[in-house]
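Side chains are part of it too, since the values below use all heavy atoms of this structure and drop only hydrogens, waters and symmetry mates.
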Number of protein chains: 2
Amino acid sequence: MRTPVTIRNVATEAGVSISTVSKALNGTGHIGAKTREHVIAVANRLGFRPNDLAQSLHRGRSFSVGILSNDIYGRFTLPIVGGIEEALSDNRVSVFLCNAADDLERQKRHLDALLAKRIDGLILTARRTDYLAPLDIAALGIPVVHAYAQSAAPGAICILPDDEGGAYDATRHLIALGRKRIAHVGGPQSFEATRLRQAGYRAALKEAGLAPPPDSELFGAWSEEWGRDAARRLIDGKAGLPDAIVCGSDQIARGMADGLREGGIDMPGQTALVSFDNWDVIAAATRPALTTVDPNLKELGAQAGLTLLSLIEGKDVKPGIRRVPSKLIIRRSCGSPDRS
Amino acid sequence: MRTPVTIRNVATEAGVSISTVSKALNGTGHIGAKTREHVIAVANRLGFRPNDLAQSLHRGRSFSVGILSNDIYGRFTLPIVGGIEEALSDNRVSVFLCNAADDLERQKRHLDALLAKRIDGLILTARRTDYLAPLDIAALGIPVVHAYAQSAAPGAICILPDDEGGAYDATRHLIALGRKRIAHVGGPQSFEATRLRQAGYRAALKEAGLAPPPDSELFGAWSEEWGRDAARRLIDGKAGLPDAIVCGSDQIARGMADGLREGGIDMPGQTALVSFDNWDVIAAATRPALTTVDPNLKELGAQAGLTLLSLIEGKDVKPGIRRVPSKLIIRRSCGSPDRS
DNA sequence: TTGTATGCGTTATCAC
DNA sequence: GTGATAACGCATACAA
């Protein structure tokens with residue numbers, strides 16, 4: 001079943017030496033034009049494919065990197081991994097995908113395997129941006145970048161979404177549309193993302209000379225149920241219904257939309273909604289469809305991949321946290337025109 | 001930054017020959033107990049890690065395989081890839097993840113890279129089960145298995161979900177609960193999955209001496225919108241509301257549930273719902289929470305990985321299609337007790 | 001029990 | 001312009 005046609009086979013078949021074949025195929029060294037063509041023809045005919053293992057062994061670079069995740073099943077992992085893979089494969093490097101599944105022993109096994117396979121670099125990913133991978137990066141001896149993950153290690157390079165900026169943009173969008181009494185219904189406050197989004201929301205408000213209405217900064221779970229629950233609280237609140245709500249996720253917004261609609265509230269007439277994630281299955285199916293902050297996860301992944309590449313090639317990269325700008329996706333939940 | 005401690009370093013440091021180190025570390029050949037311990041100690045102290053590239057080159061087996069997908073972003077890809085990765089990494093083989101993105105040229109690039117890296121085998125995945133990868137498998141020269149994908153190639157090995165069995169089970173569940181007028185609202189008929197599910201639904205009905213009520217086999221899109229649309233059609237139908245509905249996906253069921261509820265229908269009182277996917281974000285958030293067929297995608301991936309392993313090890317595997325049994329997840333949308 | 005020599009598939013350094 | 005030859009890091013048949 002194997003097809004181990006080696007450079008030696010090509011050499012004998014072409015009636016030249018091994019080194020001549022190598023030169024002909026790699027365009028290195030000085031070689032006769034006719035010999036070159038001949039060798040290439042023979043190589044093609046035989047279906048010769050240089051053994052990358054041998055090449056890697058020789059040049060001390062494997063052109064492969066590892067992605068180590070603790071949550072391969074997470075909804076956020078996918079676009080990130082996709083972005084990494086695309087950016088890297090465009091640069092001829094392959095990626096090993098490893099799922100540590102929050103299991104330290106498994107993580108070690110994966111790391112051992114990756115290191116043994118002489119990966120040129122490693123990308124760490126996590127379920128939430130404020131997760132700290134318990135891992136001695138420096139001891140690895142290869143470049144590491146964190147994608148959608150943070151590290152306390154000195155000099156660590158972390159690529160993260162711009163939660164604060166996203167919330168700021170979303171809130172400003174609401175303000176620009178004339179909304180003034182803007183509430184914020186976020187996820188769990190234990191998440192850094194939640195706190196950052198609140199900060200962005202507040203910043204935009206403050207800048208416009210506004211303030212959060214009383215009892216209108218609510219925090220709960222990342223769920224539709226919490227969104228529905230919050231809707232009731234907003235409807236029943238003595239402060240009166242806000243004319244806009246910044247939700248911490250599309251799921252929350254979806255619950256909110258359902259809750260408000262069932263409470264007889266008109267959207268976006270009485271209340272406008274913006275949210276986070278641009279998880280299209282949710283955002284597009286919500287009534288009204290959600291205007292939402294797209295965290296640009298695929299781009300985040302691509303940047304992580306490219307950054308790792310720079311590191312591998314020896315360029316120096318500024319350490320610390322880099323935040324990837326988000327993008328506001330306009331749909332109907334704010335009442336603005338589709339293009340604005 | 002590199003830590004290229006080789007077997008040679010260990011040898012000199014330990015004051016023995018290279019082959020002695022190799023034997024000591026691999027437990028092969030006859031060697032003195034004290035020498036072995038000594039060598040091992042030195043190796044550990046130096047942090048020696050055998051170069052897998054060299055080992056692979058030597059043994060002609062790389063202990064790595066490739067996953068080639070056309071749709072890395074698909075919701076189904078994730079659990080499948082996760083299952084593959086887990087099964088394989090438990091057997092010390094690493095996986096390269098490649099996204100062809102429906103681009104033939106990109107696919108070729110990936111294949112070239114994988115083959116050059118001497119992967120031991122390849123797993124092909126797709127967006128839909130009836131997708132045919134335009135690829136000459138035999139020419140690859142390595143074992144291939146299709147996961148959630150089919151191939152017309154003779155001798156191809158395909159692992160697929162059991163759509164028909166799942167629909168059969170779901171429908172029988174409804175019948176066992178006393179429902180008699182059972183409708184079916186599926187996805188696009190162009191999907192094999194849709195046709196198989198319809199077949200399973202009909203088989204269960206027939207077996208129970210029942211038949212689909214008039215105008216109650218509806219087909220549309222894989223969307224909530226279609227579910228809501230179908231709900232109106234069922235409510236307005238002159239044949240009267242069915243007392244149960246088998247939906248082709250959780251998304252359809254979610255739209256159906258919303259449509260029915262807003263149409264004043266009580267679930268599961270008047271009408272029970274079952275669906276497909278067990279996509280928990282949808283299924284659990286629907287009111288009522290959906291009883292749904294879990295296609296066991298992770299298990300499917302694991303089986304694909306294990307099957308590939310068998311192939312690689314030279315065992316022979318029965319070619320053709322193997323369907324992985326699904327599992328009915330009981331929630332509230334059928335009115336049955338949570339455990340049944 | 002241990003060490004020497006050879007090969008795995010390539011590339012690169014040198015002679016010729 | 002072309003071809004031996006020595007690495008790359010490791011495993012193993014064989015010799016000692």
Rounded to whole Å, the CG-P distance (B/Asn51 to D/dC10) equals 6 Å
Whole angstrom is fine here: how far is it from NZ in A/Lys117 over to P in D/dG9?
17 Å
Rounded to the nearest 0.5 Å, the OG atom of B/Ser89 sits from the NE2 atom of A/His110 at a distance of 3.5 Å
Please step through side-chain contact (heavy atoms from CB on, under 4.5 Å) for the pair A/Asp90 and B/Arg106, ending with a clear verdict.
CA-CA 9 Å; A/Asp90 282 347; B/Arg106 186 177 284 269; 3.3 Å; yes
Ignoring hydrogens, what is the shortest heavy-atom contact between A/Arg127 and A/Asn70? Give both atom names and the distance.
NH2-O, 4.0 Å
For the pair B/Lys298 and B/Glu86, find out whether any cationic side-chain nitrogen is under 4.0 Å from an anionic carboxylate oxygen.
yes
Check every strand shown and say whether B/Ser22 touches a base, only sugar-phosphate, or nothing at a heavy-atom separation below 4.0 Å.
base
C/dT11 P sits how many Å from A/Arg61 CZ, rounded?
16 Å
Distance-only donor-acceptor test, B/His58 side-chain atoms vs C/dG7 base atoms, 3.5 Å:
yes
Tell me which residues in residues 12-21 of chain B lie within less than 4.0 Å of DNA chain C, going by non-hydrogen atoms.
B/Val16, B/Ser17, B/Ser19, B/Thr20
Measuring from A/Leu111:CG to A/Cys98:SG, what's the distance to the nearest 0.5 Å?
8.5 Å
Among residues 26-40 of chain A, which residues get a heavy atom nearer than 4.0 Å to DNA chain C?
A/Asn26
Can you tell me the distance, in whole Å, between the CG atom of B/Leu53 and the C1' atom of D/dG9?
9 Å
Smallest heavy-atom separation, A/Tyr73 atom then B/Pro79 atom, equals CE2-CA, 3.7 Å
Charged N-O contact under 4.0 Å between B/Lys327 and B/Asp294:
no
Any idea which of D/dC10, C/dG3, C/dT11 is nearest the B/Lys23 side chain?
C/dG3
A/Gln55 vs C/dT11: side-chain N/O to OP1/OP2 distance below 4.0 Å
yes
Could you give the CZ-to-C1' distance, from B/Arg59 to D/dG9, as a whole number of Å?
12 Å
Let me know the distance between CZ of B/Phe63 and P of D/dC10, rounded to the nearest Å.
16 Å
Using whole Å, what does the distance between atom P of nucleotide D/dA6 and atom CG of A/Leu57 come to?
18 Å
For A/Ile18, does its backbone N or O pair with a side-chain atom of A/Ser22 as donor and acceptor, under 3.5 Å?
no
Rounded to whole Å, CZ of B/Arg8 lies from P of C/dG3 at a distance of 15 Å
Is there side-chain contact between B/Leu97 and B/Asn99, with at least one heavy-atom pair below 4.5 Å?
no
